[in-house]
Structure formats: C-alpha cells, structure tokens
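Atom set for the values below is all heavy atoms of this structure, side chains included, hydrogens, waters and symmetry mates excluded.
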Amino acid sequence: MPYMELFDKDVIQQTFNHNKLLQFLLDKKSYPIKLTKIKLGKGDILFCENKVHDYIYLVVEGLFSASKDNHIIEFMGGEEFIGTDSILSNEDSLFTVEALENAALLRFSKEDVMCKLMSTQDGLFFLYSDMKVVNENLTKRNAFQTGETGSKILGSIIQLGKRYGEESAERITLPKSLNKKIIANYSNVTQATMYYTCKQLTIDGFLEESRYRLMINKSHIGKWNNLKALL
C-alpha cells in the first residue's frame with residue numbers, strides 16, 4: 001500500500017478497526033495465538049488499577065466500566081477491546097474494570113498479541129486505531145462536561161445511549177445497566193443532583209423512563225446546540 005494512502009485517516013479507520021483487529025487475531029495462517037472464552041457476573045472485577053495484568057480482552061456481550069480512584073472514566077461494550085491501554089506486559093493498568101451486567105469475553109495473552117502485531121509490517125496500526133477511538137470518545141465527553149448541569153447530564157446520557165443503547169427515529173433507549181447512579185458517577189455529579197436533574201428533564205420532555213431504563217426524546221434536544229452533534 002502506498003505511503004500516503006496507508007496513512008490516510010479514512011483508510012486507517014476502515015483497515016484497522018475493531019472488527020479487523022479481531023479477524024487478525026483469530027487468523028490461524030499467520031502466527032496463530034491462543035484465546036480463552038470467559039464469563040463474568042454483574043459486579044465482577046476483570047482487573048484492578050495500578051496492578052499488572054497479562055491479558056487483553058474482547059467483549060462478546062455485556063457492558064463494563066473503567067474507573068480510576070472510584071470515578072468512572074470510560075465504558076466498554078460489545079466488540080470493543082479492554083486492556084490495550086497497558087499493552088506491555090510490565091505496565092500497570094490505568095483503570096479498574098468492572099462488569100456492569102453478566103458478560104462474556106475472549107481473552108488473549110498480551111505477549112501473544114504483541115508478537116502477532118509485530119509479525120506484520122503495519123500491525124501496530126491496530127493499536128493506534130483502537131486508542132484513537134478511545135480518545136475521540138473522551139474528547140466528546142469533555143466537550144459537554146463544562147456546561148450547565150442539565151446539559152452535562154443529558155450529554156452523558158446521549159453519548160452512552162448512542163454507543164450502547166437502542167435507537168429509533170424518536171428515541172434513544174439506554175440499557176438497564178446504565179442507571180442513574182452509574183451515569184452520575186461518570187458525569188461527576190452527586191446522586192441527588194442526578195435524580196433531581198433527571199426529574200426536571202422528564203418534566204420538560206427531554207427524558208422518559210420505563211422499567212428503569214432511561215429514554216431520550218430526540219425531538220426535544222434542539223434546546224442545547226452543543227448537544228445536537230451527538231445525535
């Protein structure tokens with residue numbers, strides 16, 4: 001592949017995304033590596049911050065939180081990788097990763113993954129692409145974290161709903177595991193503020209709630225121009 005084409009951002013995104021990385025790791029023709037299927041229950045800790053762990057994981061089903069000092073920084077769900085932030089075998093994990101619901105994962109040895117990536121000329125682009133997605137999600141989150149409380153909380157709900165929820169023409173519905181307590185932590189507000197704000201957002205027509213699942217009324221979001229881009 002020519003140099004300029006190889007480094008084009010759209011080519012990188014299409015060629016080195018999560019699905020392509022999984023296909024690459026599962027390919028037995030070139031440097032086959034071992035994988036293990038594991039299951040976790042709600043509340044189980046996959047690994048802890050400031051400790052070395054030896055594996056990288058792909059989420060098959062379920063949802064996980066990544067927290068630092070008990071503050072949730074990021075989430076990982078289906079077809080997303082966990083552990084690439086500390087790819088080297090002697091690195092401490094930056095985060096504590098916890099299952100928010102029953103989950104299934106594929107587990108790969110870090111050493112095997114690094115050897116397989118290094119066995120091909122452009123293997124490290126998979127890690128670059130993965131970290132780029134993480135940084136983009138964090139940038140979107142930070143973009144509305146400095147706004148008023150209602151905008152900050154609704155922005156978090158929209159972002160998480162788009163990534164892990166169910167969307168129709170009228171609504172975005174979050175999974176039950178992304179409850180108000182979890183989103184309050186992620187949005188850096190107290191639970192009392194979260195419950196009061198959600199109540200007001202519901203009265204104003206921005207939110208609905210059914211069977212403990214938050215739902216966003218997409219037609220009402222126009223009030224906050226900084227949130228339109230998230231839809």
Side-chain angles (χ1 to χ4, degrees), residues 39-51 57 59-78 80 82-83 85 93-105 134 137-168 171-218 220-221 223-224 226-227 230-231:
K39 293 186 177 181
L40 275 74
K42 179 180 179 181
D44 287 348
I45 301 298
L46 187 61
F47 54 79
C48 295
E49 62 199 89
N50 302 323
K51 293 185 177 181
Y57 304 85
V59 182
V60 177
E61 61 182 52
L63 189 60
F64 292 80
S65 65
S67 61
K68 182 72 172 177
D69 297 327
N70 294 317
H71 177 58
I72 297 174
I73 306 298
E74 179 60 305
F75 297 90
M76 292 80 69
E80 293 182 335
I82 300 176
D85 60 288
S93 171
L94 296 176
F95 307 111
T96 295
V97 176
E98 177 182 349
L100 299 180
E101 55 192 42
N102 293 339
L105 308 99
V134 172
N137 289 333
L138 291 175
T139 299
K140 289 179 181 179
R141 172 180 181 258
N142 292 336
F144 52 77
Q145 285 296 307
T146 57
E148 61 176 281
T149 302
S151 175
K152 178 164 63 174
I153 290 175
L154 191 55
S156 295
I157 294 172
I158 293 172
Q159 183 196 33
L160 297 175
K162 293 286 287 187
R163 288 176 63 186
Y164 304 115
E166 302 167 2
E167 185 171 2
S168 68
R171 293 178 181 82
I172 302 172
T173 304
L174 273 67
K176 188 180 295 185
S177 56
L178 288 177
N179 54 41
K180 293 175 183 176
K181 179 180 178 181
I182 295 293
I183 297 174
N185 185 310
Y186 179 65
S187 303
N188 198 27
V189 299
T190 66
Q191 290 186 48
T193 297
M194 179 70 187
Y195 281 90
Y196 173 81
T197 302
C198 284
K199 181 178 180 180
Q200 189 59 51
L201 290 171
T202 300
I203 293 172
D204 294 339
F206 298 102
L207 291 182
E208 301 174 25
E209 188 171 3
S210 176
R211 297 182 179 180
Y212 304 102
R213 298 182 68 182
L214 290 170
M215 296 183 291
I216 304 151
N217 189 335
K218 294 167 68 174
H220 283 61
I221 303 302
K223 174 182 176 182
W224 285 295
N226 62 321
L227 299 182
L230 295 175
L231 293 175

When rounded to the nearest 0.5 angstrom, what is the spacing between [atom1] in [X] and [atom2] in [Y]?
{"X": "Thr193", "Y": "Gln191", "atom1": "OG1", "atom2": "CD", "value": "10.0 Å"}
{"X": "Thr149", "Y": "Gln200", "atom1": "OG1", "atom2": "CD", "value": "12.5 Å"}
{"X": "Glu98", "Y": "Leu63", "atom1": "CD", "atom2": "CG", "value": "11.0 Å"}
{"X": "Leu214", "Y": "Ile216", "atom1": "CG", "atom2": "CD1", "value": "8.0 Å"}
{"X": "Asp69", "Y": "Phe95", "atom1": "CG", "atom2": "CZ", "value": "11.0 Å"}
{"X": "Phe206", "Y": "Ser151", "atom1": "CZ", "atom2": "OG", "value": "10.0 Å"}

Do you know which two heavy atoms are closest between [X] and [Y], and how far apart they sit?
{"X": "Ala99", "Y": "Gly41", "result": "CB-O, 3.5 Å"}
{"X": "Phe47", "Y": "Ser93", "result": "CE1-OG, 3.1 Å"}
{"X": "Ala184", "Y": "Met194", "result": "CB-CB, 3.6 Å"}
{"X": "Leu201", "Y": "Gly150", "result": "CD1-O, 4.3 Å"}
{"X": "Pro175", "Y": "Gly165", "result": "CD-CA, 3.9 Å"}
{"X": "Gly161", "Y": "Leu174", "result": "CA-CD1, 3.6 Å"}

(request) Report the C-alpha separation of Glu209 and Lys180 in whole Å, then their side-chain angles, then the decisive distance to 0.1 Å, and conclude whether the salt bridge (charged side-chain N to carboxylate O under 4.0 Å, His left out) test is met. (result) CA-CA 11 Å; Glu209 188 171 3; Lys180 293 175 183 176; 3.1 Å; yes
(message) What I want to check is whether the side chains of Thr96 and Glu49 have a donor and an acceptor closer together than 3.5 Å.
(response) yes
(message) Regarding Gln159 and Tyr164, do their side chains bring together a donor and an acceptor under 3.5 Å, going by distance alone?
(response) no
(request) Could you point out which residue of Leu100, Ile182, Asn102 forms a side chain to side chain contact (heavy atoms under 4.5 Å, CB included) with Ser177? (result) Leu100
If only atom types and distance count, is the side chain of [X] paired as donor or acceptor with the main-chain N or O of [Y] below 3.5 Å?
{"X": "Ser67", "Y": "Asn70", "answer": "no"}
{"X": "Asn179", "Y": "Lys181", "answer": "yes"}
{"X": "Ser187", "Y": "Ile183", "answer": "yes"}
{"X": "Arg163", "Y": "Phe75", "answer": "yes"}
{"X": "His71", "Y": "Asn185", "answer": "yes"}

(message) Can you tell whether the side chains of Lys39 and Glu61 come within less than 4.0 Å, N to carboxylate O?
(response) no
(message) Quick test of your reading of the model: are Arg213 and Glu166 salt-bridged, counting only N-O distances below 4.0 Å?
(response) yes
pair [X]-[Y]: side-chain heavy atoms closer than 4.5 Å:
{"X": "Phe64", "Y": "Leu40", "answer": "yes"}
{"X": "Leu160", "Y": "Tyr186", "answer": "yes"}
{"X": "Leu207", "Y": "Asn217", "answer": "no"}

(request) I would like to know whether Glu167 and Lys218 meet salt bridge (charged side-chain N to carboxylate O under 4.0 Å, His left out); could you show each step before the answer? (result) CA-CA 10 Å; Glu167 185 171 2; Lys218 294 167 68 174; 2.7 Å; yes
(message) Counting only heavy atoms not in Lys68 (residues, nucleotides, ligands), do more than 12 fall under 6.0 Å from its NZ?
(response)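 More than 12 heavy atoms, drawn from other residues, nucleotides or ligands, come within 6.0 Å of this atom.
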